[in-house]
Chemist: 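The following block contains the structure, expressed as structure tokens.
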Protein chains: 2
Amino acid sequence: MSQAPGRLTQRDIARLAGVSQTTVSLVLNNRGEAGARIAPETRDRVLQVIRETGYAADPLARRMLNQLNQILGVFTYEPVFPSTSADFYHPFLRGIEESAERSGCDLLLFTSAPVRDGQRRIFHEDNRLRVADGCVLLGREIPSAELSRLVAEDYPFVCVGRRDDADGRPVPYVGADYVNATAQLVERARSLGHRRFAFVGPGTGAESSADRLTGFRRAAGADAPFLSADAPDPAERLARLLEAGVTAVFAEVEAEAVALARAAAAQGLSVPRDLSMVTLGDPTIPVHSSLDFTGFHIPRPQMGQQAVELLVDVLHGQTSVTQRLLDCELTQGETLGPPAA
Amino acid sequence: MSQAPGRLTQRDIARLAGVSQTTVSLVLNNRGEAGARIAPETRDRVLQVIRETGYAADPLARRMLNQLNQILGVFTYEPVFPSTSADFYHPFLRGIEESAERSGCDLLLFTSAPVRDGQRRIFHEDNRLRVADGCVLLGREIPSAELSRLVAEDYPFVCVGRRDDADGRPVPYVGADYVNATAQLVERARSLGHRRFAFVGPGTGAESSADRLTGFRRAAGADAPFLSADAPDPAERLARLLEAGVTAVFAEVEAEAVALARAAAAQGLSVPRDLSMVTLGDPTIPVHSSLDFTGFHIPRPQMGQQAVELLVDVLHGQTSVTQRLLDCELTQGETLGPPAA
DNA sequence: TCCCAGTAGTAATTCGCATTAGCAGCTTGA
DNA sequence: TCAAGCTGCTAATGCGAATTACTACTGGGA
């Protein structure tokens with residue numbers, strides 16, 4: 001019915017060049033020279049028509065035959081261009097874009113995925129994942145059901161951020177080594193003389209949360225206090241920490257660190273003189289604070305970049321290692337100092 | 001490669017239910033009741049098998065039939081996710097994304113377009129424009145040669161931002177009415193008592209520049225001073241304006257307004273007491289300034305949104321009006337006041 | 001003169017699904 | 001009794017591109 005006005009097909013090209021559709025296809029796919037049993041003269045004629053018309057193969061038709069289209073999908077669990085959290089997601093996307101450009105691929109944003117229960121879902125009636133050759137997945141938390149299904153269907157994809165196995169099968173990813181970065185920060189605190197550490201934050205749910213807690217526990221000991229930030233009042237949380245004799249606090253979220261620091265200031269305590277404070281990664285939500293926190297940087301652009309590179313390798317069957325962890329750079333900051341004597 | 005091994009097809013379902021593929025298709029598509037001449041018994045049997053197997057139609061195959069791929073291209077003349085200028089382009093893209101989501105389309109970013117002469121080009125060897133059903137074009141300045149070719153090829157596209165005709169043929173766009181917004185600001189200044197106005201900025205090149213100058217001239221008179229910001233020294237430009245007796249300056253670019261204001265302050269002049277200053281649109285480059293400029297807002301998200309809507313309409317042959325101008329909202333600000341007596 | 005090999009192209013088929021045309025078998029109606 | 005009209009299903013076709021199988025032609029050697 002709704003006839004696409006100008007969609008050109010190989011038949012059109014064939015007609016214009018006075019050859020068969022097969023010939024057009026051969027010209028396009030044996031571009032090199034090997035095995036192409038097409039006279040140079042003919043090939044040039046066909047290519048000329050293609051150039052003049054700007055013909056490009058229908059990606060759907062090609063995917064029907066399991067061909068690659070140089071199209072990489074990008075699936076985000078939040079809108080790509082939001083006002084909030086833009087600052088956080090952007091660097092990943094910048095890396096993705098950069099890498100896609102280098103490998104000559106176009107990026108397909110799956111904006112068609114409808115939001116359900118406040119989240120986008122990959123799998124829905126009419127999911128168009130297969131339009132892309134493969135897909136990069138971006139999101140703090142990715143429902144494991146979706147991951148399982150992707151793995152089960154053998155769909156080529158790479159997550160940005162480490163992921164747990166899905167149904168016992170490894171999930172391809174390029175992640176940041178939060179475990180190690182967190183552990184290193186604890187060690188740094190220890191070498192400054194701290195002995196009582198505490199972790200404040202969710203610590204569960206997303207892998208990124210769990211990894212930070214894991215790193216903390218590894219270095220601080222399994223019995224070090226772990227405070228989920230549920231308690232409504234920062235002052236109360238601070239009080240509990242001080243009661244426990246904690247001298248160095250590791251906050252998963254920068255916002256929490258800021259809240260605690262403020263509560264401390266309200267009590268006349270100063271950071272880091274009376275209490276050291278470390279944040280575990282770049283803020284997801286922009287926070288206003290004059291404090292230059294000690295912590296680490298997440299190598300976001302690199303993660304995006306390498307995710308695309310890995311995906312391309314996977315698509316070309318050029319790799320068997322599908323999981324990469326990148327180091328985080330520790331930042332000096334000014335919120336970690338020796339404990340009060 | 002990416003074909004899931006055990007992927008079910010209607011043929012499989014048909015075999016399992018002991019019917020033909022056609023029947024399966026009919027059962028699935030005439031679900032309602034109209035025209036479906038399938039015995040309830042048969043239909044139930046088919047549905048049963050579908051339920052048991054979890055079969056889902058391949059969306060690619062479906063889309064093959066109704067000619068539209070639901071892929072909208074987005075061509076930007078700069079990278080989409082840069083660190084600089086992100087603030088300016090983002091709102092457009094947010095609108096585009098939002099609208100694409102609503103119309104169930106995916107967005108294809110043409111990251112594969114190579115950069116030549118410091119700019120991306122649509123048309124290059126092997127351009128993949130036609131992979132998408134149509135395309136949204138984003139950029140301050142779009143080479144008219146490219147526009148001409150798009151129009152000539154009858155390729156469905158919509159520009160964000162007004163564009164001049166290409167080779168005498170109208171270019172589809174959703175733009176902002178800079179002419180009117182600028183003229184209104186001049187009128188506002190006039191009603192405050194100003195009589196000598198000046199326009200500072202390129203004023204030519206991109207349509208967006210030209211439109212502002214046009215609006216300015218329309219309201220201020222063709223002989224009002226127009227200063228291209230070429231002169232290297234802001235102080236010098238300021239001097240020239242004051243010499244000419246100008247009391248209200250209309251700066252195309254916020255950065256220029258800031259520079260002039262600074263130069264004025266250096267001479268002990270204050271804005272708006274000694275000199276009124278108006279900026280014509282949101283800053284393209286973030287500028288640090290404590291001044292809250294009088295000017296207007298560009299309805300960027302709306303422009304992006306409507307560009308997609310228009311494109312979709314064009315693709316469905318549902319519209320003949322392919323040019324839209326949106327109003328800009330004037331901002332009060334504090335840099336426009338009555339002229340010094 | 002005939003056969004084999006090589007060259008340059010085309011017809012036919014495939015992917016998974018929707019749609020159209022059509023084919024049996026069973027009522028009706030006159 | 002037979003054409004006309006249903007009912008319930010299937011064969012055939014098409015979407016656009018890739019691939020396989022095949023054909024038509026040209027030379028060269030014996």
Side-chain angles (χ1 to χ4, degrees), chain A residues 1-4 6-15 17-31 33-46 50 53 55-71 125-131 133 153, chain B residues 1-15 17-46 50 53 55-71 128 130-133:
Chain A
M1 52 181 57
S2 56
Q3 188 61 257
R7 175 129 234 156
L8 289 163
T9 71
Q10 287 190 348
R11 258 236 302 273
D12 298 322
I13 305 301
R15 199 168 19 74
V19 296
S20 72
Q21 175 261 322
T22 307
T23 302
V24 176
S25 176
L26 288 176
V27 167
L28 281 170
N29 294 292
N30 294 326
R31 203 168 271 262
E33 73 309 296
R37 294 140 52 240
I38 303 290
E41 190 188 347
T42 308
R43 182 174 50 225
D44 289 348
R45 190 151 32 95
V46 172
I50 290 177
T53 55
Y55 166 85
D58 182 332
L60 295 202
R62 283 179 58 95
R63 291 299 297 159
M64 285 269 299
L65 300 163
N66 291 322
Q67 304 286 122
L68 298 184
N69 281 319
Q70 323 268 62
I71 294 179
E125 191 67 9
D126 196 56
N127 97 73
R128 307 168 15 94
L129 222 50
R130 296 203 115 81
V131 175
D133 298 344
E153 288 193 3
Chain B
M1 131 171 335
S2 61
Q3 185 61 284
R7 189 167 188 102
L8 287 166
T9 71
Q10 286 190 351
R11 258 237 302 275
D12 299 322
I13 305 301
R15 201 166 17 77
V19 295
S20 71
Q21 175 261 321
T22 308
T23 303
V24 177
S25 176
L26 287 176
V27 166
L28 281 171
N29 295 291
N30 293 327
R31 203 169 273 263
E33 68 317 290
R37 293 143 51 235
I38 303 289
E41 191 187 344
T42 309
R43 182 171 52 227
D44 288 348
R45 189 153 30 97
V46 172
I50 289 177
T53 56
Y55 165 84
D58 179 350
L60 290 202
R62 303 185 99 148
R63 287 245 72 82
M64 281 271 304
L65 298 172
N66 62 352
Q67 303 302 57
L68 284 185
N69 290 343
Q70 317 220 129
I71 296 179
R128 306 176 11 97
R130 296 205 116 93
V131 168
D133 293 335

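Every heavy atom of this structure was used, including side-chain atoms; hydrogens, water molecules and symmetry mates were not. Just so we're on the same page: letters track the sequence lines, and every chain starts at 1. The model shown is predicted, which means the values in this text are computed figures rather than measured ones.
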Chemist: May I ask you to verify if any side-chain N or O of A/T22 is less than 4.0 angstrom from the OP1 or OP2 atom of D/dA18?
Modeler: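 Result: no.
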Chemist: Out of C/dT19, D/dC15, D/dT10, which nucleotide sits closest to the side chain of B/S25?
Modeler: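 Side chain of B/S25 sits closest to C/dT19.
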Chemist: Checking contacts here: which listed nucleotide (C/dG16, D/dC22, C/dT19) is nearest the side-chain heavy atoms of B/D58?
Modeler: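 Taking heavy atoms from C-beta onward, the closest nucleotide is C/dG16.
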Chemist: When all nucleic acid strands are considered with a 4.0 Å heavy-atom cut-off, which category describes B/V24: base, sugar-phosphate, or nothing?
Modeler: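 B/V24: no heavy atom of the nucleic acid under 4.0 Å.
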Chemist: Looking only at non-hydrogen atoms, find the nearest pair between A/Q10 and A/S25 and report the distance.
Modeler: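 So the minimum-distance heavy-atom pair works out to OE1-CB, 3.5 Å.
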Chemist: Nearest to the side chain of A/M64 - C/dG9, D/dC9, C/dC15?
Modeler: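 Comparing C/dG9, D/dC9, C/dC15 against the side chain of A/M64, the answer is C/dC15.
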Chemist: Heavy atoms under 4.0 Å, any strand shown: does A/Q67 hit a base, just sugar-phosphate, or nothing?
Modeler: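 Answer is sugar-phosphate: A/Q67 comes under 4.0 Å of backbone atoms only.
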Chemist: Do side-chain atoms of B/R45 reach the backbone of B/A17 as a donor and acceptor pair under 3.5 angstrom?
Modeler: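 Pair found, side chain donor or acceptor close to backbone of B/A17.
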Chemist: Given atom CZ of A/R130 and atom P of D/dA17, what is their separation to the nearest angstrom?
Modeler: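 Result: 20 Å.
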Chemist: Within less than 4.0 Å of OP1 or OP2 of D/dG16, is there a side-chain N or O belonging to A/R11?
Modeler: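 No.
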Chemist: Can a donor-acceptor pair under 3.5 Å be found between the side-chain atoms of B/Q21 and the base atoms of C/dA18?
Modeler: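 Side chain to base: pair present.
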Chemist: Choosing from D/dA11, D/dT19, D/dG8, which nucleotide comes nearest the side chain of B/R37?
Modeler: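 It is D/dG8.
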Chemist: Hey, does A/T9 reach any base, or is it just sugar-phosphate, or nothing, if we go heavy atoms under 4.0 Å?
Modeler: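 Counting heavy atoms under 4.0 Å across all strands, the contact made by A/T9 is with sugar-phosphate only.
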Chemist: Rounded off to whole Å, could you give me the CG-to-P distance for the A/L60 and D/dA17 pair?
Modeler: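 A/L60 atom CG is separated from D/dA17 atom P by 10 Å.
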Chemist: Starting at CZ of B/R15 and ending at C1' of D/dT10, how long is that distance when rounded to a whole Å?
Modeler: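 Interatomic distance, CZ of B/R15 to C1' of D/dT10: 17 Å.
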Chemist: Side chain of B/T23: nearest nucleotide among C/dA18, D/dA17, D/dC9?
Modeler: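 Nearest to the side-chain atoms of B/T23, counting from C-beta on, is D/dC9.
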Chemist: If every non-hydrogen atom of B/R7 is compared with every non-hydrogen atom of B/P59, which pair is closest and at what distance?
Modeler: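 Heavy-atom minimum between the residues: NH2-CD, 4.5 Å.
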Chemist: Which heavy atom of A/Y55 sits nearest a heavy atom of A/I13, and at what distance?
Modeler: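 A/Y55 and A/I13 have their closest heavy atoms at CB-CD1, 3.6 Å.
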Chemist: Report the distance from atom CG of B/D44 to atom P of D/dG8, rounded to the nearest whole Å.
Modeler: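 Going from B/D44 (CG) to D/dG8 (P), I get 13 Å.
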Chemist: Send over the distance from A/L28 CG to D/dA17 C1', rounded to a whole Å.
Modeler: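 From A/L28 CG to D/dA17 C1': 10 Å.
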Chemist: Using whole Å, what does the distance between atom C1' of nucleotide C/dG16 and atom CZ of A/R62 come to?
Modeler: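 In whole Å, C/dG16 C1' lies 18 Å from A/R62 CZ.
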Chemist: Rounded to the nearest angstrom, tell me the gap between atom CG in B/N66 and atom C1' in C/dA18.
Modeler: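 It works out to 10 Å between those atoms.
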Chemist: Is a side-chain donor or acceptor of A/R128 paired with a backbone partner of B/N69 at a separation under 3.5 angstrom?
Modeler: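 Such a contact is found between A/R128 side chain and B/N69 backbone.
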Chemist: What is the distance, rounded to the nearest whole Å, between atom CG of A/N127 and atom P of C/dG16?
Modeler: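 One finds 16 Å between P of C/dG16 and CG of A/N127, rounded.
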Chemist: Would you tell me if any nitrogen or oxygen in the side chain of B/Y55 comes within less than 4.0 Å of OP1 or OP2 on C/dG16?
Modeler: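 Answer no for this pair, as no side-chain N or O of B/Y55 is under 4.0 Å from OP1 or OP2.
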